[in-house]
Amino acid sequence: MKNIVKKKTNLIIGVLLVLCAVIVILVSATAFSRQNREDSAQKSSSQESSSEEDVPDDSQESRTGESTASEAQEIRSSLTRNEFPQLEVGMDVYELENEILAITIYENVAVTTDTYSGSGFVWMEDEDGLWIATAAHVLADGNGGTVEMVSVSEGWTDVEFSEEDVVRVDDYDLALIHLSADTAETLLYIPLSSYIASEAQTGDEGWIVDSIYGSGTGIEQVTVANPLIYFEDYGTELLYLYGEGKEGMSGSPVYSAQGLLMGMVCGMSEDGTELAAVPVQVLEEQLSE
């Protein structure tokens, strides 16, 4: 009898031990599951936070762009235009080079296409953007290209244009490149349409500022041989100059001795000592249409 009771007692104890073990396991599993869920939630939250940081902030980029455009506008409004220094007797003309180039830095541009390279200058701005003047033959390949200008954020920069942005003027070796208002908003420039010389006279001295080696990088002194003479090669009347023409000078502005626009270079003789330029009065008439 005692053995039977002892066996039953042992059995009950065993069952109780098993139940306790099961309870412990269940509690542990529940705690483990809860911890996993908390860890997963924390990890998920961390990943979402990280993802949000990785996603570009369009509003921040927009604010940066607006700030750059605003800065460029402020600088443009403060740009001043000085007269050229005067050439004195016995002075080497190139003693004035740095001073003249510093004055015209925001006016001159280098124009480059797949086939040709030349010079140009900022003619005017309006609500649609910026207009760059150059010789039409510089754009003869019809594939668009780049103009080198000063950007408030990048310094010297190449601004792309397409053939659709080009307007050619009939009867003259003259073209305009249009840069949209959005493109021009971060650029620094001074339009030369506001600085027009009176009609040139024979014997007047002046300067060509070219962009052969980059925007506004060289000067050449010129003398007016005839303010308006018929050129058979061009089939029209142009400004006739004595000076030293160079390849890549086409499209360069011709300045008076005071630094006002007299015309735009469009050609030269084979030896480079004679140059033809579209007179500024023609520029005004043709480019205002």
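In what follows, residues are counted from 1 in the order of the sequence shown.
Between the side chains of E160 and T146, no donor-acceptor pair is found at a separation under 3.5 Å. D182 and S180 share no side-chain donor-acceptor pair at under 3.5 Å.
A chain of hydrophobic side-chain contacts below 4.5 Å, direct or via other Ile, Leu, Val, Met, Phe, Trp or Tyr residues, connects L188 to W131. Hydrophobic clustering of Ile, Leu, Val, Met, Phe, Trp and Tyr side chains at less than 4.5 Å, counting indirect connections, unites V138 with V159. The same ILVMFWY cluster, assembled from side-chain heavy atoms under 4.5 Å apart, contains both V280 and L238. L261 and V209 fall within the same hydrophobic cluster, defined by Ile, Leu, Val, Met, Phe, Trp and Tyr side-chain heavy atoms under 4.5 Å apart, directly or through other members.
L101 and G216 make their closest contact through CD2-O, 3.3 Å (heavy atoms, listed as atom of the first residue, atom of the second, distance). Taking all atoms of both residues into account, the shortest heavy-atom contact from Y116 to H137 is CD1-O, 4.1 Å. Shortest non-hydrogen contact noted between V122 and I190 is CB-O, 3.9 Å. For the residue pair A110 and S215, the shortest heavy atom distance occurs at N-OG, 2.9 Å. Residues A200 and V224 come closest through the heavy atom pair CB-CG2, 4.2 Å. Annotation for E205 and V222: closest pair OE1-O, 3.4 Å, computed over non-hydrogen atoms.
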Side chain to side chain contact (heavy atoms under 4.5 Å, CB included) evaluation trace for F231 with Y240: CA-CA 9 Å; F231 279 77; Y240 178 33; 3.8 Å; yes

Pair L187-L179, side chain to side chain contact (heavy atoms under 4.5 Å, CB included): steps then yes or no: CA-CA 10 Å; L187 300 176; L179 303 181; 4.2 Å; yes

CA sep, side-chain torsions, deciding dist, call: F161, T183, side chain to side chain contact (heavy atoms under 4.5 Å, CB included): CA-CA 10 Å; F161 65 90; T183 300; over 6 Å; no

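The residue from V150, I132, I105, L130 that alone fulfils the side chain to side chain contact (heavy atoms under 4.5 Å, CB included) condition with Y189 is L130.
Residue pairs meeting the side chain to side chain donor-acceptor pair (under 3.5 Å) criterion with at least one partner in residues 94-104, sequence neighbours excluded, are Y94-E220, T104-N108.
The side-chain heavy atoms of V265 and V254, taken from C-beta on, include a pair separated by under 4.5 Å.
Dense packing is recorded around CD of Q86, with more than 12 heavy atoms of other residues, nucleotides or ligands lying under 6.0 Å away.
With sequence neighbours left out, E163 forms a salt bridge (charged side-chain N to carboxylate O under 4.0 Å, His left out) with R168.
Atoms OG and CG, from S198 and L260 in turn, are 8.0 Å apart once rounded to the nearest 0.5 Å.
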